[in-house]
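To keep things clear, I will list the structure first and then write my remarks on it.
Just follow the structure's listing: the first ligand is 1, and inside any ligand the first atom is 1.
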Amino acid sequence: MSRPAKSIHGQWSSRWTFILAATGSAVGLGNIWKFPYIAGENGGGAFVLVYLLCIACIGIPLMMAEIMIGRRGRQNPVNSLRSIAEEENKPRYWRYLGWSGVLAGFLILSYYSVIAGQAMAYIFRSFSGVFEGVTADGARSIYSALTGDPERLLAWHTVFMVFTMVIVARGVKGGLEKSVKFLMPALLVILLLLVGFSANTGDYFNQAIDFLFKPDFSKLTGEGVLIAMGHAFFTLSLGMGAIMVYGSYLPKNTSIAKVSITISIADTMVALLAGLAIFPLVFANGLETGAGPGLIFQTLPIAFGHMAGGAFFGGMFFLLLVFAAWSSAISLIEPAIAWLVENKSISRRRASVYAGFATWLLGLLTVFSFNIGSHWILFGKTMFELLDYLTANIMLPLGGLAIAIFSGWIMSQNSTQEEFAIEYPVFYRLWRILIRYITPAAVSIVFLNVIGIVG
Ligand code: PHE
């Protein structure tokens, strides 16, 4: 199969739209909900440092590789990988890499939607003033009342999935471009407001800075390193084809290096700001850094409950968080949709219904893992924890490893040079070293360490 010059789904109207959409994919629950709680569970500073190193040495080169493959293939990840492999006279089984991405996106969205649903519930809790003057205990019990009730979680999960699939059915451009342009900057403003509020806690703010930025390697385990690396993939939406599929709608004359660096910096900033907003509250209220997935839901209401106009700002914050989650959710399911439309010749609308329903159904596992199914344990993990671990810490890094090998070793130097023709030559050379040696070596060593073979 040869590759079309243009994707059948159309192209982004400009380089900026791509940057916004890809940033919309990257910035989401991963930054605001997940990063603070896993940093808290894994001891802070050293974990954060490893995470930052992974963004720089693994994340950015891989993002460049994914965009490049998508733009060269101009189709869904499965077909793009296949047609590029064919063109290079390499085996077609590389398309299975596209498949594993489609699967990972579907698995992630199933639990992502349940957490986004919790954020949705919090929009209404906040606007209605429930958090006014709330104490740490109060915030904790409001959260457990929500997660302990399967019906409510199910209802919000359903609402989130329906909204997501409606936007997906309308096409990437219609729904996405507009929402990202206005909502992301607004989210940033409220985040800054929260950091400002937390900065007023004085010493606790310094304590939070120490916690996040003073590495104490005695607190970091091999497993923690894997989680930090996995999160670098998760937060940048790498290793599963989301960025690849967006790259397939990218015009030729765009600098891939520049957009990748821009997106990665924006994404990292949001995560660090979230950490700076949350940890001072954790320390000021005697909460535990290792509180787990409920961390933002148990800390931020305290801030909103004690600031002027807090009910409004809180409501807006959770509203914008839900929008950020939406723009990520869309990209999680887009590889599957693009594949269904291109290969099965069904309409976008129908593809959305099928994929959405399947994801919703699988999401029930996560809904119940917070309540009636909290004792369904496999490999020492609840269903939600298992889905998260399997995707973020195993599937995405393995997918990323394969993408690195594909772009560094399977694709000829001529082809990659052609795609990166407009980049500074030194960028290209650096990229090729990173993607051929550093990325594969780093991912492999972290894995071997956790399995117990190295270290
Ligand atoms: N990057 C998104 C976030 O941080 C999640 C995501 C992962 C989206 C993988 C797409 C692909 O919330």
Worksheet item: Are Phe279 and Phe211 close enough, and set up right, to give a ring pair (Phe, Tyr, Trp, His ring centres under 6.0 Å), and what steps lead you there?
Response: CA-CA 8 Å; Phe279 282 104; Phe211 179 75; 5.0 Å; yes
Worksheet item: Considering distance alone, does some N or O of Leu29 sit under 3.5 Å from an N or O of ligand 1?
Response: yes
Fill in: Close aromatic pair by centroid cut-off 6.0 Å: Tyr51 and Phe35
yes
Discussion item. Looking only at distances, can you tell me whether any N or O atom of Gly30, backbone or side chain, sits closer than 3.5 Å to an N or O atom of ligand 1?
Written reply: yes
Response to the item:
The closest protein heavy-atom partner of atom 2 (C) of ligand 1 is Ser25 O, 3.2 Å
Worksheet item: Which is closest to atom 11 (C) of ligand 1 by heavy-atom distance: Ile115, Leu332, Asn31?
Response: Leu332
Fill in: ligand 1 N/O within reach of Ala26 N/O, cut-off under 3.5 Å
yes
Practice prompt. Taking the six-membered ring for Trp and the full ring for Phe, Tyr or His, determine whether the centres of Phe124 and Trp156 are under 6.0 Å apart.
Written response: yes
Discussion item. Looking at ligand 1, would Tyr112 count as a contact under a 4.0 Å heavy-atom criterion?
Written reply: yes
Response to the item:
For Ser331, the ligand 1 atoms with a heavy-atom partner under 4.0 Å come out as 8 (C), 10 (C)
Discussion item. I want to know if ligand 1 touches Ser237 in the polar sense, i.e. an N/O pair below 3.5 angstrom.
Written reply: yes
Practice prompt. Could you tell me whether Phe160 and Trp326 have their ring centroids closer than 6.0 angstrom?
Written response: yes
Item to complete: Please indicate whether any nitrogen or oxygen in Phe234 is less than 3.5 Å from any nitrogen or oxygen in ligand 1.
Response: yes
Item to complete: Is it possible for you to check whether Lys34 lies under 6.0 Å from the centre of the six-membered ring of Phe234, through NZ or CZ, and within 45° of that ring's axis?
Response: yes
Worksheet item: Would you call Lys252 and Glu419 a salt bridge, taking side-chain N to carboxylate O under 4.0 Å as the test?
Response: yes
Worksheet, complete the sentence: Any heavy atom of Met240 under 4.0 Å from ligand 1? The part involved is side chain
Worksheet item: Knowing that exactly one of Thr268, Ile263, Ile261, Asp267 qualifies, which makes a side chain to side chain contact (heavy atoms under 4.5 Å, CB included) with Ile265?
Response: Ile261
Discussion item. Quick check: do Arg436 and Trp409 have side-chain heavy atoms less than 4.5 Å from each other?
Written reply: yes
Worksheet, complete the sentence: Under 4.0 Å from one or more heavy atoms of Thr235, ligand 1 contributes atoms 1 (N), 4 (O)
